[in-house]
Amino acid sequence: MRKTAVDGKRDKAAVPAPSQGAGFVHNLRSLILGNLAGFVAAPVLGLFSGFLLLFGGIFLAGAWTAGPKPLLDARRYAPFTARAEGHVVESWTALEFDPSALPNGKLYWQPWSRISPCMVVEYAGDWGAPMQRAFCGNRFQFSDFFRFDDWHTLMPGVPFSFKRDANGFAVPEMRVGRAAFDWLNAHPPHDTFMLGKPPPATALGALREASDHPLDIALASWTTKVETVPLAYDPQHPEAPVPAKIVEDARRGSGYFAFGLIISVLFAVPGVFVFRIGIGLLTGQSGLLLWLLSLLPLLAMPWWGDLLPRLIAHANKQWADVAADMLDDIGRVTRFSASAPGDALLRGGERIVWNTSEGNYRDTFGQLHFTPPNPAPTSADAALSALRAQAATQVRALDSAQKTALFRRLRAQYEANRQNVQRLFTTAAEDTLRDADADAGAHKAARNFLIFASGGTYYEDQLDKIEASPRALSAPSG
């Protein structure tokens, strides 16, 4: 039966229209659910897009290093035909640490820090007064086990050295930013297990003690000569030299450009593909705009080590940290910067200096004075023998009370886990046992030092034989 117009009106009237309050609630519910879905999905998208940006970015870094960079370096250094010898007038290690990057409550700051050697060299030419230029090189992650005594290069083939004191020993120096210095000085060390007793109260004190190895520095200094730094420069611009090794490497690398280009393409193709997917997930764009957003960052490839982690951080902070570490590893031994001295990394930073007259060994090792042998020792053993002989001569000139105090102090340092210099004094202690003019207290202190704190292996019967054949030892004249 056909419905009439009246029936149609009656049907419409039977369906109640939604109230304004119900519509508002429905819209609010949809908004909350949509935002909640986005909130839940965002970390997942960030995780995946960050990984893809990391993967693609590392491949692109390899492509840049294999192909375009060597070509550009060869062209850049082609005019560098003049040579000069640079003399190091200032040197330090730059410790980069941003306390704001450290997770809240964390005291283990070393994984968030990087260290690089920097130096200012002076060189002369026919232009008049000598000029100066600053260089900074290899960048490494800092750690508790970092050592200064084996750091002799700015980068492979480019010598680096700290300034030397009157003993011929290197004087290691570290420079840090003010914020980092204040943080280290205001917070306790994260671990004191390997430090001396009593342990330092601050992270700054722990840093000083962990790198306080004066005898190791002395041995390395006497067996390593201070080298000049061969420089190359453009005769039209003598104010901007670089180490000659960099120019030589750039010219040598240009001969393999064709091979490098093939490698570059092999890295670039998957790199661009994956990087573009990561940008798409991060931005939600597609088409021409996505290509533009993907290719535009590639213009900054010379600064990729700084740019890529920042870009990935917009997606996922953890992947950004991984990217920074991986790019540091890739460029660890090729990282280099040249600048005016005042613009060098942390040149104006807070200074932390390790002198033999300061630190934990200032009242033992730091009280002695040494003269570098000529010719220089050719091995660490030869250097140690020369140092022992000079130390023994100076200890021999002390009276019995001074000898007693010295050997007791050396033993106390050893028992407090400060054990870097004791092996230097073994000859002096043996000579004290042989010295008929030294009193019983000096003999006992020297004997106990050799047995318990010298780092060597001494037995009572062995020391009895040394002491049983005394010979008078007089202080050297002059």
Side-chain angles (χ1 to χ4, degrees), residues 70 72-96 115-140 148-166 168-175 217 220-254 331-349 351 353-354 372 374 376:
L72 293 176
D73 285 346
R75 294 186 61 181
R76 175 185 177 187
Y77 295 125
F80 285 59
T81 57
R83 294 290 188 269
E85 289 295 320
H87 300 271
V88 179
V89 296
E90 185 179 353
S91 58
W92 67 95
T93 52
L95 182 67
E96 300 174 85
I115 191 167
S116 307
C118 297
M119 62 184 179
V120 176
V121 300
E122 186 173 85
Y123 58 103
D126 56 6
W127 49 77
M131 294 183 178
Q132 293 187 352
R133 190 71 170 166
F135 306 125
C136 292
N138 296 165
R139 189 185 190 207
F140 301 94
F148 288 116
D149 53 280
D150 58 357
W151 202 336
H152 304 302
T153 59
L154 187 81
M155 57 188 301
V158 179
F160 170 82
S161 60
F162 294 106
K163 69 178 182 180
R164 302 289 175 98
D165 63 13
F169 303 156
V171 182
E173 180 175 336
M174 180 184 290
R175 299 185 188 179
I217 292 291
S221 300
W222 276 16
T223 54
T224 307
K225 67 178 182 179
V226 177
E227 298 184 54
T228 59
V229 182
L231 303 175
Y233 62 91
D234 182 347
Q236 301 300 317
H237 299 282
E239 74 283 358
V242 298
K245 182 67 165 57
I246 292 179
V247 176
E248 295 167 3
D249 288 347
R251 292 174 179 168
R252 189 180 303 113
S254 65
R332 175 175 295 173
V333 296
T334 58
R335 190 181 182 94
F336 171 78
S337 64
S339 67
D343 297 328
L345 181 63
L346 288 172
R347 193 198 186 194
R351 301 175 63 193
V353 182
W354 285 264
N374 189 15

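Here the structure is a predicted model, which is why all the values come from computation and not from measurement.
A donor-acceptor pair under 3.5 Å links the side-chain atoms of Tyr123 to the main chain of Pro238, judged by distance alone. In this structure, Thr93 contributes its side chain and Glu173 its backbone to a donor-acceptor pair below 3.5 Å.
Residues meeting the side-chain contact (heavy atoms from CB on, under 4.5 Å) test with Arg83, sequence neighbours left out: Ala232, Ala244, Arg251. Residues satisfying the side-chain contact (heavy atoms from CB on, under 4.5 Å) criterion with Ala82, sequence neighbours excluded, are Tyr233, Pro235. Applying the side-chain hydrogen bond (donor to acceptor under 3.5 Å, both in side chains) test to Thr228 and every residue at least two apart in sequence or in another chain returns Glu85. In this structure, the side-chain hydrogen bond (donor to acceptor under 3.5 Å, both in side chains) partners of Glu96, at least two apart in sequence or on a different chain, are Arg139. Residues passing the side-chain hydrogen bond (donor to acceptor under 3.5 Å, both in side chains) test with His152: none are found, sequence neighbours excluded. Taking Phe148 as the reference, Phe146, Phe162, Trp354 meet the ring-ring contact (aromatic ring centres under 6.0 Å, His included) condition, with sequence neighbours excluded. Residues satisfying the side-chain contact (heavy atoms from CB on, under 4.5 Å) test with Asp149, not counting sequence neighbours, are Arg147, Asp216, Ile217, Ala220. Here Ser339 pairs with Ala134, Asp343, Ala344 under the side-chain contact (heavy atoms from CB on, under 4.5 Å) rule; sequence neighbours left out. For the side-chain hydrogen bond (donor to acceptor under 3.5 Å, both in side chains) test, no residue two or more places apart in sequence or in another chain qualifies with Glu248. Residues passing the salt bridge (Lys or Arg N to Asp or Glu O under 4.0 Å) test with Glu122, sequence neighbours excluded: none. Among residues two or more places apart in sequence or in another chain, the salt bridge (Lys or Arg N to Asp or Glu O under 4.0 Å) test is passed with Arg347 by Glu90.
The heavy-atom pair separating Ala94 from Leu346 by the smallest distance is CB-CD1, 3.9 Å. Summarising the geometry of Ser221 relative to Ala170, their closest heavy-atom pair is OG-N, 2.8 Å, with the distance given to 0.1 Å. Closest approach of Leu345 to Trp92, counting heavy atoms only: O-NE1, 3.0 Å. For the residue pair Pro159 and Val229, the shortest heavy atom distance occurs at O-CG2, 4.1 Å. For Met119 against Phe160, the heavy-atom pair with the smallest separation is SD-CD1, 4.1 Å. In plain terms, the two heavy atoms of Leu231 and Phe135 that are nearest each other are CD2-CE1, 3.7 Å.
Note that the CZ atom of Phe336 and the CG atom of Asp249 stand 11.5 Å from one another [nearest 0.5 Å]. The CZ atom of Arg175 lies 8.0 Å from the OG atom of Ser91; values are rounded to the nearest 0.5 Å. Remark: Glu239 CD to Asp234 CG distance equals 8.5 Å, nearest 0.5 Å. Rounded to the nearest 0.5 angstrom, Thr153 OG1 and Lys245 NZ are separated by 10.5 Å.
Aromatic ring pairs are classed by plane angle as parallel below 30°, tilted from 30° to 60° and perpendicular above 60°; the pair Trp222 and Phe169 is tilted.
For the pair Val88/Val226, no side-chain contact is recorded, criterion being any heavy-atom separation below 4.5 Å from C-beta on.
Sorted pairs that involve residues 155-166 and meet side chain to side chain donor-acceptor pair (under 3.5 Å), not counting sequence neighbours, are lacking altogether.
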